[in-house]
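Numbers restart at 1 for each chain; the letters A, B, ... are given by sequence-line order, proteins then strands.
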Number of protein chains: 2
Amino acid sequence: MPAGGRYVYGLRYSTNMSLTRTRARRATINDVADAAGLSRGTVSRVMNGEKYVSDEAKQAVEEAIARVGYVRNNAARNLVTQESRAIGLIIHEPHSLLFEDPNIGSILLGANEVLSKADYQLVSLIIDSDRDSRRVADYLRGGLVDGAVIISARASDPIAAAIADIGLPAAFVGHPEGTPALPYAAIDNVEAARNITGRLLQTGRKQVGMIASALDRDSGKDRLAGFQAAMGSRFDPNLVVEYPLYTYAAGLEGMQELLRRAPHLDGVFAASDAVAAGAMTALQEAGRRVPEDVGVVGFDDSSWALRCRPQLSTVRQPADLLGSTAAELVLAQLQGLPGTPRVLETTIIWRGSA
Amino acid sequence: MPAGGRYVYGLRYSTNMSLTRTRARRATINDVADAAGLSRGTVSRVMNGEKYVSDEAKQAVEEAIARVGYVRNNAARNLVTQESRAIGLIIHEPHSLLFEDPNIGSILLGANEVLSKADYQLVSLIIDSDRDSRRVADYLRGGLVDGAVIISARASDPIAAAIADIGLPAAFVGHPEGTPALPYAAIDNVEAARNITGRLLQTGRKQVGMIASALDRDSGKDRLAGFQAAMGSRFDPNLVVEYPLYTYAAGLEGMQELLRRAPHLDGVFAASDAVAAGAMTALQEAGRRVPEDVGVVGFDDSSWALRCRPQLSTVRQPADLLGSTAAELVLAQLQGLPGTPRVLETTIIWRGSA
DNA sequence: ACATCATCTGGGAACGTTCCCAGAGTACGA
DNA sequence: TCGTACTCTGGGAACGTTCCCAGATGATGT
């Protein structure tokens with residue numbers, strides 16, 4: 001053991017900034033103990049801030065740690081403590097939509113904030129192929145995370161089943177049916193959609209359509225159900241168009257199609273703000289005035305809403321709170337508490353588009 | 001050891017869907033060995049698909065694995081193999097911008113694709129506070145990842161210094177100056193900005209301004225430098241407004257400010273597409289026609305570009321390629337090869353906004 | 001003077017893998 | 001028949017921690 005040496009990955013710089021790595025032995029807790037003239041146990045106690053360490057010992061260890069460049073090996077630590085202090089967040093989103101949906105970022109940050117405070121590391125795992133799906137399942141099973149938050153799950157998502165199978169503490173954001181009995185943080189999409197559609201009808205609209213999206217997800221399906229409920233006998237299936245994703249493009253095309261089917265349409269409920277933004281563009285290009293000729297309402301109150309002209313009337317869904325609540329549900333389970341599903345409040349934000 | 005039992009985390013369901021966890025002992029490789037009537041070594045060989053395992057043994061092991069519900073403990077595996085087959089991707093982005101910037105999603109997916117093919121797990125770590133910064137540094141140091149990709153780094157980012165310090169194979173997306181000598185995948189922002197500004201000038205504009213953003217980042221600074229280079233003697237510092245972030249809001253306000261300073265302005269280079277979209281809204285609200293009265297160009301060719309009316313003339317930057325290239329640079333280093341910095345091509349996409 | 005208690009330290013054992021070596025069995029050619 | 005090579009299996013050792021117990025030391029109370 002090279003005395004006084006610095007055990008780190010060796011870096012060998014070659015010409016103009018490229019570099020190759022020569023892996024040297026990393027310092028272990030024993031190297032620190034030797035350097036400090038103390039035992040492994042004492043070093044461990046210092047590292048973990050336990051009591052019953054003399055001031056001299058503490059100082060000697062800290063100095064030795066700095067001298068040999070010691071960093072704790074978490075794999076070894078996880079192995080013996082049987083925990084990782086990390087929580088996985090699984091993002092299973094179609095390619096094109098990933099991160100165009102501002103909700104995902106908010107959910108992530110909300111979850112991160114809660115976990116950060118509890119001194120857990122959030123690790124995000126994205127699933128973009130079947131291969132990913134398997135690898136992520138292995139990762140989750142392998143003891144590298146103590147729990148998981150699952151967002152944008154499809155009904156019958158295999159990864160959710162895998163998680164339930166191994167009994168990893170977990171929580172959903174949203175509440176896809178057909179998924180295992182795991183706690184979730186969600187909003188009541190049916191109720192919210194019913195409310196905003198009702199509000200739109202109160203402005204005196206006679207012929208109201210909907211651009212529905214993502215019917216393979218609970219949110220998409222429920223928003224359509226809420227719309228139908230609000231319309232009651234006035235519901236006309238011919239005035240509903242369906243698209244696979246919550247996108248601007250869906251709104252654009254969807255609105256054009258609706259205008260083709262019903263030129264005198266005077267109200268539209270778009271399944272998300274992005275969809276609503278696309279719809280407004282289509283309306284304006286077709287020479288319709290918003291809100292005079294056609295009232296438009298959306299869903300999410302994402303950054304899209306303020307970008308529209310006029311600004312969008314929409315349902316505010318607390319995306320950050322969904323993330324933080326789901327994280328709390330996981331933490332609760334980690335402490336042996338029950339994870340009770342939670343339904344968060346939505347509110348209608350009425351602006352100029354209807 | 002409960003014979004024939006299934007060693008998994010126990011789940012105890014209580015009333016109405018809430019559940020508590022009772023952690024039971026997980027099956028180990030020894031349990032599998034016992035159940036199969038074989039040895040640890042043989043089970044390990046089957047798990048890792050090594051040769052020199054008889055068909056009977058293989059079958060017996062696979063059956064035993066299923067019977068006892070065995071999943072490999074990755075912490076133990078990482079400990080002995082000294083690798084994790086995971087690559088960290090560090091996202092250090094201001095709260096409000098996270099994931100409103102479509103580039104980040106593309107970079108992530110690009111990196112994920114490359115790593116997935118090489119059978120590495122991508123784990124994204126987001127930094128949203130100083131506390132996060134420390135925790136992420138610990139995570140990276142702790143042996144839980146074999147390498148790292150750093151995106152949206154600031155000049156003098158502490159996390160980058162930490163990575164270089166421990167010698168973890170890493171690569172930047174972008175090339176902030178003042179950061180350690182790590183390889184990077186980047187575009188030439190100066191050149192690209194110079195080109196599109198030049199192209200804008202060719203349309204006969206006399207008075208051209210710029211809405212600059214994110215001057216604390218290499219991309220923001222370089223785009224301004226390129227603008228100035230293209231303008232040459234016509235450069236007027238009074239026609240440059242500066243905002244901290246690449247946002248729609250910056251474009252909106254920036255354009256209003258520019259119009260105040262120079263009502264006869266007939267061209268604008270916005271530092272990103274989101275900024276350009278905001279600028280176009282401001283112009284249209286001020287009664288200016290685009291492109292007749294004012295030509296607008298952006299940067300990124302993100303989904304914003306197609307959303308604008310008219311669609312945006314912009315610089316296409318291959319965000320997915322940036323991600324995948326950075327990932328490749330990390331993989332190369334993992335194989336002992338040098339990680340040579342790479343500068344990717346940009347192209348001008350000319351649409352209707354100028 | 002002695003028992004008791006708190007403080008501090010050392011080091012064996014365990015966590016669950018993979019690696020590697022030794023050894024048994026079989027096949028084949030000289 | 002024997003040597004050699006290949007196939008297959010078992011199990012000791014090691015990876016780098018934390019946990020826990022035993023023991024030393026010093027302070028305190030009776």
Looking at [N], I'd like to know if its phosphate oxygens (OP1 or OP2) sit under 4.0 Å from a side-chain N or O belonging to [X].
{"X": "A/Gln82", "N": "D/dT18", "value": "no"}
{"X": "A/Arg40", "N": "C/dG12", "value": "no"}
{"X": "B/Thr42", "N": "D/dG10", "value": "yes"}
{"X": "A/Asn78", "N": "C/dC15", "value": "no"}
{"X": "B/Arg72", "N": "C/dT18", "value": "yes"}
{"X": "A/Ser44", "N": "D/dC19", "value": "no"}
{"X": "A/Tyr52", "N": "D/dC19", "value": "no"}
{"X": "B/Asn30", "N": "C/dG16", "value": "no"}
{"X": "B/Thr28", "N": "C/dG16", "value": "no"}

What nucleotide among [options] has an atom nearest to a side-chain atom of [X]?
{"X": "A/Lys51", "options": "C/dT17, C/dG16, C/dT7", "answer": "C/dT7"}
{"X": "B/Glu50", "options": "D/dC8, D/dC15, C/dC19", "answer": "C/dC19"}
{"X": "B/Ser39", "options": "D/dC15, D/dG10, D/dT17", "answer": "D/dG10"}
{"X": "A/Thr81", "options": "D/dT18, C/dT17, D/dG16", "answer": "D/dT18"}

Nearest whole angstrom, please: distance from the [atom2] of [N] to the [atom1] of [X].
{"X": "B/Glu83", "N": "C/dT17", "atom1": "CD", "atom2": "P", "answer": "17 Å"}
{"X": "B/Asn73", "N": "C/dT17", "atom1": "CG", "atom2": "C1'", "answer": "7 Å"}
{"X": "B/Asn48", "N": "C/dG16", "atom1": "CG", "atom2": "P", "answer": "17 Å"}
{"X": "B/Arg77", "N": "C/dC15", "atom1": "CZ", "atom2": "P", "answer": "20 Å"}
{"X": "B/Arg45", "N": "D/dG11", "atom1": "CZ", "atom2": "P", "answer": "11 Å"}
{"X": "A/Arg26", "N": "D/dG16", "atom1": "CZ", "atom2": "C1'", "answer": "10 Å"}

### Query
Is there a side-chain contact between A/Leu115 and A/Leu331, using heavy atoms and a 4.5 Å cut-off?
yes

Is it true that a side-chain atom of [X] and a backbone atom of [Y] form a donor plus acceptor pair closer than 3.5 Å?
{"X": "A/Asp31", "Y": "A/Thr28", "answer": "yes"}
{"X": "A/Thr325", "Y": "A/Leu322", "answer": "no"}
{"X": "B/Asp146", "Y": "B/Ile87", "answer": "no"}

#### Entry: Closest-nucleotide ordering on DNA chain C, the 5'-leading residue of A/Lys58 and B/Val43
A/Lys58

### Query
Among A/Arg141, A/Arg135, A/Arg134, which residue meets the salt bridge (Lys or Arg N to Asp or Glu O under 4.0 Å) test with A/Asp138?
A/Arg141

### Message
By nearest heavy atom, map B/Ala57 and B/Ala76 onto DNA chain D; which one lands nearer the 5' end?
### Response
B/Ala57

### Task
Look at A/Asp55 together with A/Lys58 and state whether they make a salt bridge at an N to O cut-off of under 4.0 Å.
no

